[in-house]
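Worksheet: one structure, shown below.
Just so we're clear, the structure is a prediction, and the values are computed from it rather than from any experiment. Per chain, numbering begins at 1; letters A, B, ... match sequence-line order.
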Amino acid sequence: MRYFILLSAIGSIFMLASCSISTFGKFQADEGIPSFIKIGETTRKEIINNLGEPLVHRFVVGKETLIYNHERGEFFFLYGTYEGSELIIRFENKVVSEVKIEKTGSGWGVFAPATSNNPGTRRSAR
Amino acid sequence: MTKSIFMLTIISIILFLLLSGCSKTRIGKVELSDETIPGFLKVGKTTAQEVLAKLGEPYGYQELKSRSAMIYLNYHEDYAHLLVTEIRIEKAFRLDLVFEDRVLSKAEIKKEGWGFDANVDPQLFQLIAR
């Protein structure tokens, strides 16, 4: 009887357990600014060759700007987290003049996943 | 008998915990839920560069001759479920900034949507930002 209860308990835990990791984007926010990017040296062409086509390519306050995004959602059994970031690269004369990572959102969930319904990741919107 | 009641209580507590959950998500670079414009924004004084430095890259940006506009979004979602009941509360806010010759000429916050146990449509968000 004791073994039956123990096995039932272990079985229940496995049945109720789940895990997932999902990532979206062309750079890894947790690794920081990609090491090949050097202010005053790296060109726009090198950026696009290395990271691919950006989510957004526009001029902001007179400066050419590329935006790459990264989103990561994790869920392990009981607890889930969500984090969104974007890599912003500005150019002067097609050479990097400024680069930074900004956080776009975050969330957590217990027995429920945090949403990753971030409108900022939709290219058409920007 | 006492042992059975004890086991039943433990199982009930575990089931109660397993059948409940909650989550909280915040999206956006600026907190707008109190519907007040950030204090550093002064019409006729604050420049677009200062806004970029303090609030970060805007969600939406448009420039036409001497006039430009930035849009910042802020989205809140709180979700909880307990046994068979679930509650989802969503709120969405938008900060519009208009610049003339790169100096702030207008700043306003709009509450773009709310939901109770229903989604604020993210596609509508996109249309708004465009």
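- The hydrophobic clustering, which links ILVMFWY residues whose side-chain heavy atoms are closer than 4.5 Å, places A/F27 and A/I67 apart.
- Heavy-atom proximity under 4.5 angstrom to chain B picks out A/I88, A/R90, A/K100 from residues 88-100 of chain A.
- The contact between A/T65 and chain B is made entirely by side chain atoms (from C-beta outward), counting heavy-atom distances below 4.5 Å.
- Contacts of B/I11 with chain A are absent, with no heavy-atom separation under 4.5 Å from either backbone or side chain.
- Side chain of B/Y75 to backbone of A/G105: no donor-acceptor contact under 3.5 angstrom is found.
- Top candidate by heavy-atom pairs under 4.5 Å with chain A, chosen from B/M7, B/E63, B/R102, is B/R102.
- Residue contact with chain B, scored on non-hydrogen atoms closer than 4.5 Å, involves the backbone of A/F59 exclusively.
- When all heavy atoms are compared, the tightest approach of B/S23 to A/G109 is CB-CA, 3.5 Å.
- Hydrophobic clustering of Ile, Leu, Val, Met, Phe, Trp and Tyr side chains at less than 4.5 Å, counting indirect connections, unites A/I39 with A/Y68.
- Side-chain heavy atoms closer than 4.5 Å link hydrophobic residues (I, L, V, M, F, W, Y) into clusters, and following such links, possibly through other members, connects B/I37 to B/F99.
- Under the 4.5 Å side-chain heavy-atom criterion for grouping Ile, Leu, Val, Met, Phe, Trp and Tyr, B/F40 is connected to B/M70 within one hydrophobic cluster.
- Close approach to chain A, defined as a heavy atom under 4.5 Å from one of its heavy atoms, is seen in B/A48, B/Q49 of residues 43-51 of chain B, taken by number.
- Linking Ile, Leu, Val, Met, Phe, Trp and Tyr residues whenever their side-chain heavy atoms come within less than 4.5 Å places A/V60 and B/L97 in a single cluster.
- When all heavy atoms of A/V61 and B/Y61 are compared, the pair lying nearest together is N-OH, 3.1 Å.
- Taking 4.5 Å as the limit, some side-chain heavy atom of B/E57 sits within range of a side-chain heavy atom of A/R58.
- Distance check: B/R26 CZ to A/W108 CH2 gives 9.5 Å after rounding to the nearest 0.5 Å.
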